[in-house]
Enquirer: 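Below is a structure I'd like to ask you about.
Just so we're on the same page: letters track the sequence lines, and every chain starts at 1. None of the values given here were measured: they were computed from a predicted structure.
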Amino acid sequence: MELRKMNVANETGQMPAITIEQAGNYDGQEVILKGWLYNLRQSGKLLFPIFRDGTGIIQGVCALKENPEAFQSLKGLTQESSVIVTGKIRAEKRAPGGYEIGVSKIQIVQKVPESTPFPIQLKEHGVDFLLDQRHLWIRTPRQAAILRIRAEAIRAAREFMDAQGYTLTDAPMFTPAACEGTSTLFEVNYIDDQKAYLTQSGQLYAEAIAMALGKVYTFGPTFRAERSKTRRHLTEFWMLEPEAAYVEFEEIMTLGEGLVSTIVQGVLKNKSRELETLKRDTTKLEHVKPPFPRISYEDAVSLLNKNGNPAKFGDDFGGDEETIISSSFDRPVLIHHYPTSIKAFYMQPDAQRPELALAFDMIAPEGYGEIIGGSQRIHDYDLLLKRLHEHKLPEEAFQWYLDLRRYGSVPHSGFGLGLERTVAWICGTEHIREVIPFPRMIYRVYP
RNA sequence: UGGGGCGUGGUCCAACUGGUAGGACACCUCACUGUUAAUGAGGAUGGUGAAGGUUCGAAUCCUUCCGCCCCAGCCA
């Protein structure tokens, strides 16, 4: 694509319109850039505009003596005004990024009025202000880099799943009742006084589709009306949820391991510039390759006790416990065989030790918490029905789910990967709210 | 929902034991041909989250309310 454009330019003598990330391929050539004015520095009769176009930023240079017309248009131009720039790309050590554009012509598409300057400065701001300005905040280089890394994480994840023979499918957003019955659901008014709920997981539906297509995965938003106010929680977040027929516990853990390492390696390979923008210490990401350490729940309890944590069998692990366990390893760690009592109703008990569930969590390093939760699912009709009753769930609502155990039931497994937590960890962001374009949190639905 | 913290110009902060609310950035003008969140000089704008109380006097102390942040729980 780049080559073709270059050839066209050379043959016809027309200037190529390029993106800033391509600038290095056009050293010495006259090009057109379409973007925005990110910043403007001035030194006498020399202007140093910084342009951005969504792919990166590049410094421009404009001298009064050489280009009086462009100089006059550019001088005093306000931050974030949209511009089309013509000029010659050249390697320049003094320019950030190594290349700059010598501006010969500038067309102002829209000038930001001086009376209402762009609210986000290059200096520091508070979180609340930035979130109120989220629609503009995403223009800044750091936020743009994070969103590009998010896109790469999704691309790498989907490529991996497809290559493993999993078929992309979709679960509904409107559901008639709780999937797991535990978390709080968002209730919505459906047609004609009916109530519906926003999904908190596509898993149960993915199980049904897995019985139709074999190996499947869903990828979409999920909603939790929990009153969680930590840096790891959103009320709307995206999950990738594989579900596979005839796949048992060991195999599904290995799939999770492959998925996470593929995402990390994909970002390292294809978004190194963005990681650099974020000043992310990539040495911590480089060894995120299989195999990941695996530790049983019981061994994890022992490990915690050795580190002075009073956890005992039957306790669920909180943030403190996760941090102690994950800091013992240099890559994500899988904790498996949790007590049945603290896990969801649909999880298959271990054949030898039924008090333990074939369930696992993957904990990200550096305190980013659980990024995967998964299990082998109960495939026996009677056991599933018993568990539904034990968890006091309405049997009627789960008739279709029970049907899956009535018509050719097979062992099957799956998990959910939390996209935002994964991306937050890869980016090393302070808060999960930075890794989704418009975060939805307990007290924020604007903008 | 508990525990802790914070609310001061558009933004980021300062203001002693209660004593005239201030600085920087942003905006405008001028100077400067290699700036790196440029720098220097000048200018205009504009604020104590809300209500009540104590006091000669409240950003500061008290009460209530509102908003936000962090942690826990729940979870991805």
Enquirer: Is Arg227(A) side chain donor-acceptor paired with the rC75(B) base, going by distance under 3.5 Å alone?
Expert: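 No such pair is found, so the answer is no.
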
Enquirer: Counting any heavy atom closer than 4.0 Å, what does Arg444(A) reach on the DNA or RNA strands: base, sugar-phosphate only, or nothing?
Expert: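 The answer is nothing, as Arg444(A) stays clear of every strand by at least 4.0 Å.
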
Enquirer: Among Arg148(A), Arg155(A), Arg150(A), find the residue that satisfies the salt bridge (Lys or Arg N to Asp or Glu O under 4.0 Å) test when tested with Glu152(A).
Expert: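 When salt bridge (Lys or Arg N to Asp or Glu O under 4.0 Å) is applied between Glu152(A) and each of Arg148(A), Arg155(A), Arg150(A), only Arg155(A) qualifies.
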
Enquirer: Are OP1 or OP2 of rG34(B) and a side-chain N or O of Arg94(A) less than 4.0 angstrom apart?
Expert: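 No, Arg94(A) has no side-chain N/O under 4.0 Å of OP1/OP2 on rG34(B).
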
Enquirer: Between P on rU39(B) and CG on Leu46(A), what's the gap in Å once rounded to a whole number?
Expert: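 That distance rounds to 17 Å.
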
Enquirer: I want to verify a distance call: between rA76(B), rG34(B), rC27(B), whose nearest atom is closest to the Pro117(A) side chain?
Expert: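 Closest of the options to the side chain of Pro117(A): rC27(B).
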
Enquirer: With both distances under 3.5 angstrom, what nucleotide forms a Watson-Crick or G-U wobble pair with rC32(B)?
Expert: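 WC or wobble partner does not exist here.
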
Enquirer: Would you mind classifying the nucleic acid contact of Phe237(A) as base, sugar-phosphate or nothing, using non-hydrogen atoms under 4.0 angstrom?
Expert: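 Base contact.
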
Enquirer: Please walk me through it: do Arg142(A) and Ile146(A) pass side-chain contact (heavy atoms from CB on, under 4.5 Å)?
Expert: CA-CA 6 Å; Arg142(A) 180 184 158 80; Ile146(A) 290 171; 4.3 Å; yes

Enquirer: Looking at rU11(B), does its base get a donor-acceptor pair with the side chain of Glu124(A) below 3.5 Å?
Expert: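 In this structure, the two groups form no donor-acceptor pair.
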
Enquirer: Apply the salt bridge (Lys or Arg N to Asp or Glu O under 4.0 Å) test between Lys343(A) and each candidate in Asp361(A), Asp350(A), Asp316(A); give the one that qualifies.
Expert: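 Result for salt bridge (Lys or Arg N to Asp or Glu O under 4.0 Å) with Lys343(A): Asp361(A).
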
Enquirer: Of the nucleotides rA76(B), rA37(B), rC32(B), which one has an atom closest to the side chain of Arg41(A)?
Expert: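 Nearest listed nucleotide: rA37(B).
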
Enquirer: Touch check for Gln79(A), heavy atoms < 4.0 angstrom, all strands: base, sugar-phosphate only, or nothing?
Expert: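 No contact.
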
Enquirer: Nearest to the side chain of Leu122(A), which nucleotide is it out of rA37(B), rG34(B), rA76(B)?
Expert: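 Output: rA37(B).
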
Enquirer: From the list rC75(B), rG34(B), rA72(B), which nucleotide is the closest neighbour of the side chain of Lys229(A)?
Expert: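 For Lys229(A), the side-chain atoms sit closest to rA72(B).
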
Enquirer: Can you tell me, in whole Å, how much space there is between the P of rU29(B) and that of rC69(B)?
Expert: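 So the two P atoms sit 38 Å from each other.
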
Enquirer: Heavy atoms from C-beta onward define the side chain here; which of rC75(B), rG34(B), rC70(B) lies closest to that of Arg232(A)?
Expert: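 In terms of side-chain proximity for Arg232(A), the closest of rC75(B), rG34(B), rC70(B) is rC75(B).
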
Enquirer: Roughly how many Å is it from CZ in Arg421(A) to C1' in rC74(B), rounded to a whole number?
Expert: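 Result: 10 Å.
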
Enquirer: Could you tell me how far apart Trp425(A) (CH2) and rA76(B) (C1') are, to the nearest whole angstrom?
Expert: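 Rounding to the nearest Å, CH2 of Trp425(A) and C1' of rA76(B) are 14 Å apart.
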
Enquirer: Among rG10(B), rA37(B), rC70(B), which nucleotide sits nearest the side chain of His431(A)?
Expert: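 In terms of side-chain proximity for His431(A), the closest of rG10(B), rA37(B), rC70(B) is rC70(B).
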
Enquirer: Compute the ring centroids of Trp400(A) and Tyr205(A), then answer whether they are less than 6.0 Å apart.
Expert: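 Judged by ring-centre distance (under 6.0 Å), Trp400(A) and Tyr205(A) do meet the cut-off.
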
Enquirer: Heavy atoms under 4.0 Å, any strand shown: does Pro96(A) hit a base, just sugar-phosphate, or nothing?
Expert: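 The answer is base, as Pro96(A) lies within the cut-off (heavy atoms under 4.0 Å) of a base atom.
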
Enquirer: NA contact type, Gln121(A), heavy-atom cut-off 4.0 Å: base, sugar-phosphate, or nothing?
Expert: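 The answer is base, as Gln121(A) lies within the cut-off (heavy atoms under 4.0 Å) of a base atom.
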
Enquirer: If rC12(B) has a Watson-Crick or G-U wobble mate with both distances under 3.5 Å, name it; if not, just say none.
Expert: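 Per the H-bond distance test, rG23(B).
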
Enquirer: Which nucleotide wins on minimum distance to the side chain of Asp320(A), given the candidates rC70(B), rA72(B), rC68(B)?
Expert: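 When the side chain of Asp320(A) is considered, rA72(B) is the closest of rC70(B), rA72(B), rC68(B).
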
Enquirer: So which nucleotide does rC65(B) pair with, by the Watson-Crick or G-U wobble rule with both distances under 3.5 Å?
Expert: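 When the pairing criteria are applied, rG49(B) turns out to be the nucleotide that pairs with rC65(B).
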
Enquirer: Measure the distance from CD1 on Ile342(A) to C1' on rG73(B) and round it to the nearest whole Å.
Expert: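 That distance rounds to 14 Å.
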
Enquirer: For residues Glu207(A) and Tyr346(A), is any side-chain donor paired with an opposing acceptor at under 3.5 Å?
Expert: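 Per modelled atom types, Glu207(A) and Tyr346(A) side chains form no pair under 3.5 Å.
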
Enquirer: So is the aromatic ring of Tyr443(A) stacked onto the base of rG67(B), judging by whether the centres are under 5.5 Å apart and the planes are under 30° apart?
Expert: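 No; by the centre-distance and plane-angle rule, Tyr443(A) does not count as stacking on rG67(B).
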
Enquirer: What contact category does Glu66(A) fall into here, base, sugar-phosphate, or nothing, at under 4.0 angstrom with non-hydrogen atoms?
Expert: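 Counting heavy atoms under 4.0 Å across all strands, no contact is made by Glu66(A).
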
Enquirer: Checking all strands, does Leu234(A) fall into the base, sugar-phosphate, or nothing category for heavy-atom contacts under 4.0 angstrom?
Expert: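 Since a base atom lies under 4.0 Å of Leu234(A), the category is base.
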
Enquirer: Check the distance between rC71(B)'s P and Glu226(A)'s CD and give it to me in whole angstrom.
Expert: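 Distance check: Glu226(A) CD to rC71(B) P gives 16 Å.
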
Enquirer: Look at all strands and tell whether Gly369(A) reaches a base, only sugar-phosphate, or nothing, counting heavy atoms closer than 4.0 Å.
Expert: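 The residue Gly369(A) makes no contact with any strand.
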
Enquirer: Measure from the side chain of Thr230(A), starting at C-beta and using heavy atoms only, and say which of rG34(B), rC71(B), rA76(B) lies closest.
Expert: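 Ranking rG34(B), rC71(B), rA76(B) by closest atom to the Thr230(A) side chain puts rC71(B) first.
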
Enquirer: If you pin Gly373(A) and Ile442(A) to their nearest nucleotides in RNA chain B, which one's is more 5'?
Expert: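 The residue closer to the strand's 5' end, by nearest nucleotide, is Ile442(A).
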
Enquirer: To the nearest angstrom, how far is Leu130(A) atom CG from rC69(B) atom C1'?
Expert: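 One finds 14 Å between C1' of rC69(B) and CG of Leu130(A), rounded.
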
Enquirer: With C1' as the reference atom in both, quote the distance from rC71(B) to rU17(B) in angstrom, rounded to an integer.
Expert: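 Taking atom C1' in both rC71(B) and rU17(B), they lie 33 Å apart.
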
Enquirer: Quick one: which of rU33(B), rC71(B), rC69(B) gets closest to the side chain of Ala63(A)?
Expert: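 Per side-chain heavy atoms of Ala63(A), the pick is rU33(B).
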
Enquirer: Taking only side-chain nitrogens and oxygens of Lys123(A), does any of them come within less than 4.0 Å of OP1 or OP2 of rA26(B)?
Expert: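 Answer is no, no contact under 4.0 Å.
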
Enquirer: Categorize Glu420(A) for me: base, sugar-phosphate, or nothing, with a 4.0 angstrom heavy-atom threshold over every strand shown.
Expert: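 Contact class for Glu420(A): none.
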
Enquirer: RNA chain B: Gly44(A) or Glu114(A), which has the more 5' nearest nucleotide?
Expert: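 First, find each residue's nearest nucleotide; the 5'-ward one identifies Glu114(A).
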
Enquirer: Taking rU45(B) as the reference, what is the distance to rG2(B) when you measure between their P atoms (whole Å, please)?
Expert: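 rG2(B) and rU45(B) have their P atoms separated by 47 Å.
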
Enquirer: From CG of Asn39(A) over to C1' of rC25(B), roughly how many Å is that when rounded to an integer?
Expert: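 After rounding, the reported distance stands at 13 Å.
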
Enquirer: Let's test your reading of the model: under 3.5 Å, does the base of rC12(B) pair with the side chain of His125(A) as donor and acceptor?
Expert: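 By the distance-only test, no, there is no pair.
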
Enquirer: Which whole number of Å gives the distance between the C1' atom of rG23(B) and that of rG67(B)?
Expert: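 These two C1' atoms come out 26 Å apart once rounded.
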
Enquirer: Could you tell me if the ring centre of Tyr297(A) sits under 6.0 Å from that of Phe317(A)?
Expert: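 Tyr297(A) vs Phe317(A): aromatic centres under 6.0 Å.
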
Enquirer: Given the C1' atoms of rC68(B) and rC25(B), what is the spacing between them in whole Å?
Expert: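 About 23 Å, rounded to a whole number of Å.
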
Enquirer: In whole angstrom, give the distance that lies between atom CG of Asp316(A) and atom P of rC75(B).
Expert: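 So the two atoms are 6 Å apart, to the nearest Å.
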
Enquirer: Please state the P separation for the pair rA58(B) and rG18(B) - nearest whole angstrom.
Expert: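 Comparing P positions in rA58(B) and rG18(B) gives a spacing of 14 Å.
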
Enquirer: Could you measure between the two C1' atoms, the one in rC27(B) and the one in rC65(B), and give it in whole Å?
Expert: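 Each nucleotide's C1' atom is 36 Å from the other's.
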
Enquirer: Please give the distance between the C1' atoms of rC70(B) and rA14(B) as a whole number of Å.
Expert: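 These two C1' atoms come out 24 Å apart once rounded.
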
Enquirer: At less than 3.5 Å, do the side-chain atoms of Gln42(A) and the base atoms of rG34(B) form a donor-acceptor pair?
Expert: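 No, the side chain and the base share no sub-3.5 Å donor-acceptor pair.
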
